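First up is the structure itself, then whatever we jot down about it.
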Amino acid sequence: MPELAEVEYYRRRWDAGLGSTVARVLLHPRARVFNATDTVLLARLLTGATLISSEAAAKQMLFRFAADDSAPLWLGIHLGMTGELTVQPADHAPRKSDHLVLAQSDRALVFTDPRMFGRVLFHAGPDAPDWWTSLAPAILSPAFTADAVAAFLQRRARTPIKPVLLMQERFPGIGNWMADEILWRAALHPKRPAGSLTPAEIKTLHRETRHVATHALRIIGSSGAPTLPDPPATWLFPHRWADGGTCPKTGAPLIREEIGGRTTCWSPARQPL
DNA sequence: TCCTATGTTGTATG
DNA sequence: ACATACAACATAGG
């Protein structure tokens, strides 16, 4: 499920554990999500450490821990396709897909991911790790300019615009549903070659990318609701999966087709080729 | 049984 | 070196 705004939503679930110490670390060391991680070190150093702060950027989360006898500890989590963070009772018994459980005195912080496309990263040291600091500039940062988008589209000139929007090195945090939402708002057909957009269309694409990020973060990311909220019916999102879905702007039928290896939904009445 | 899934990466080809 | 396309990963649910 997780793109930019869902990642922010899940990051905030673990706020319940801020300022509390990890009493026990439970994990499945063979799980694919730990492929790049020293699980022995992670378990040893996080036991007794205190959760100090967290941040989300793109689809990556960073949880910072402090311990009396070690350097700062940095836990990274990527939710992949099916990952979630939840808070469970302190005596939570890990289920099949609960790959990492940080048990505190009053609760357990749980990372669960049935499909295991997610990742857990760990770093001990004074400075934030490369996998965090090397992320592309955020869509809502000043560095995300229309000129930067234009230059990127030019380099990918022959690729359909839809898969280009999924490239994290320029559109960090954008995933399949946000890309479709952006193209629908910008009235651009997803198969348009990236290099075929006019300067005006690029400005529109840039504006709508920021718009969708801003409002998705407001609606989903800032929500304290116990379950993940959905965007409203005025967005493409609630209509995109149902057969026979109609465009909330034009009332015309929506189309679904695989583009760049991902199911893509668009409104032909609004987004002509 | 067969198909789908809000993601990323490695590999082959041009 | 760079751009492009696609299979592979692993599992659950309709």
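Any value given below was found using the heavy atoms of this structure, including those in side chains, with hydrogens, waters and symmetry copies removed. Naming: A, B, ... by sequence-line order, numbering from 1 per chain. None of the values given here were measured: they were computed from a predicted structure.
Across all strands shown, nothing is found opposite dA10(C) as a Watson-Crick or G-U wobble partner with both distances under 3.5 Å. Taking a pair to require two hydrogen-bonding distances under 3.5 Å in either a Watson-Crick or a G-U wobble arrangement, dA1(C) remains unpaired.
Residues Leu79(A) and Lys59(A) fail the side-chain proximity criterion, which asks for heavy atoms closer than 4.5 Å.
Using a 4.0 Å heavy-atom distance criterion, Arg155(A) is classed as a sugar-phosphate-only contact. Using a 4.0 Å heavy-atom distance criterion, Met81(A) is classed as a base contact. Counting non-hydrogen atoms under 4.0 angstrom, Gly261(A) reaches nothing in the nucleic acid.
A donor atom on one side chain and an acceptor atom on the other are found under 3.5 Å apart for Ser54(A) and Arg11(A).
Taking atom CZ of Arg30(A) as the reference point, atom C1' of dT11(C) lies 18 Å away to the nearest angstrom. For the pair Glu258(A) CD and dA5(B) P, the computed distance is 7 Å after rounding to whole Å. To the nearest angstrom, C1' of dT4(B) lies 12 Å from CG of Asn176(A). Rounded to whole Å, atom P of dA5(B) lies 13 Å from atom CD of Glu257(A). Here dG7(B) presents its P atom at 14 Å from CD of Gln60(A), a figure rounded to the nearest Å. Atoms CE (Met167(A)) and P (dT4(C)) sit 7 Å apart, rounded to a whole Å. Put simply, CD1 on Ile259(A) is 16 Å from C1' on dC6(C), counting in whole angstrom units. Taking atom CZ on Arg262(A) and atom P on dC3(B), their separation rounds to 19 Å, with Å as the unit.
By the neighbour-count criterion of 12 heavy atoms within 6.0 Å, atom CG of Asn35(A) is densely surrounded, having more than that number from other residues, nucleotides or ligands.
With salt bridges taken as basic N to acidic carboxylate O contacts below 4.0 Å, none links Asp15(A) and Arg12(A). Salt bridge status for Glu169(A) with Arg155(A): absent, with no side-chain N to carboxylate O gap under 4.0 Å.
At the phosphate of dA12(C), neither OP1 nor OP2 sits under 4.0 Å from any side-chain N or O atom of Arg115(A). In terms of phosphate contacts, Arg119(A) brings no side-chain nitrogen or oxygen within less than 4.0 Å of OP1 or OP2 of dT8(B). Look at His78(A) and you won't find any side-chain N or O under 4.0 angstrom from OP1 or OP2 of dG7(B). Contact between the side-chain N/O atoms of Gln168(A) and the OP1/OP2 oxygens of dT8(B) is found at a separation under 4.0 Å.
Each of dT4(C), dC9(C), dA3(C) was ranked by its minimum atom distance to the side chain of Thr159(A); first place goes to dT4(C). Taking the side chain of Arg156(A) as heavy atoms from C-beta on, and the options dA12(C), dT4(C), dT8(B), the nearest nucleotide is dT4(C). Side-chain proximity of Glu3(A) to dT4(C), dT11(C), dG7(B): nearest is dG7(B). Distances were taken from every side-chain heavy atom of Lys96(A) (C-beta onward) to each of dA12(C), dA10(C), dT4(B); the shortest belongs to dA12(C).
Put simply, Phe117(A) rests on the base of dC9(C): the two rings are less than 5.5 Å apart at their centres and nearly parallel, under 30°.
Between Phe144(A) and His206(A), the angle of the ring planes stays under 30°, which puts this pair in the parallel group of the 30/60° scheme.
Rounded to whole Å, the P atom of dA10(C) lies 15 Å from the corresponding atom of dT11(B).
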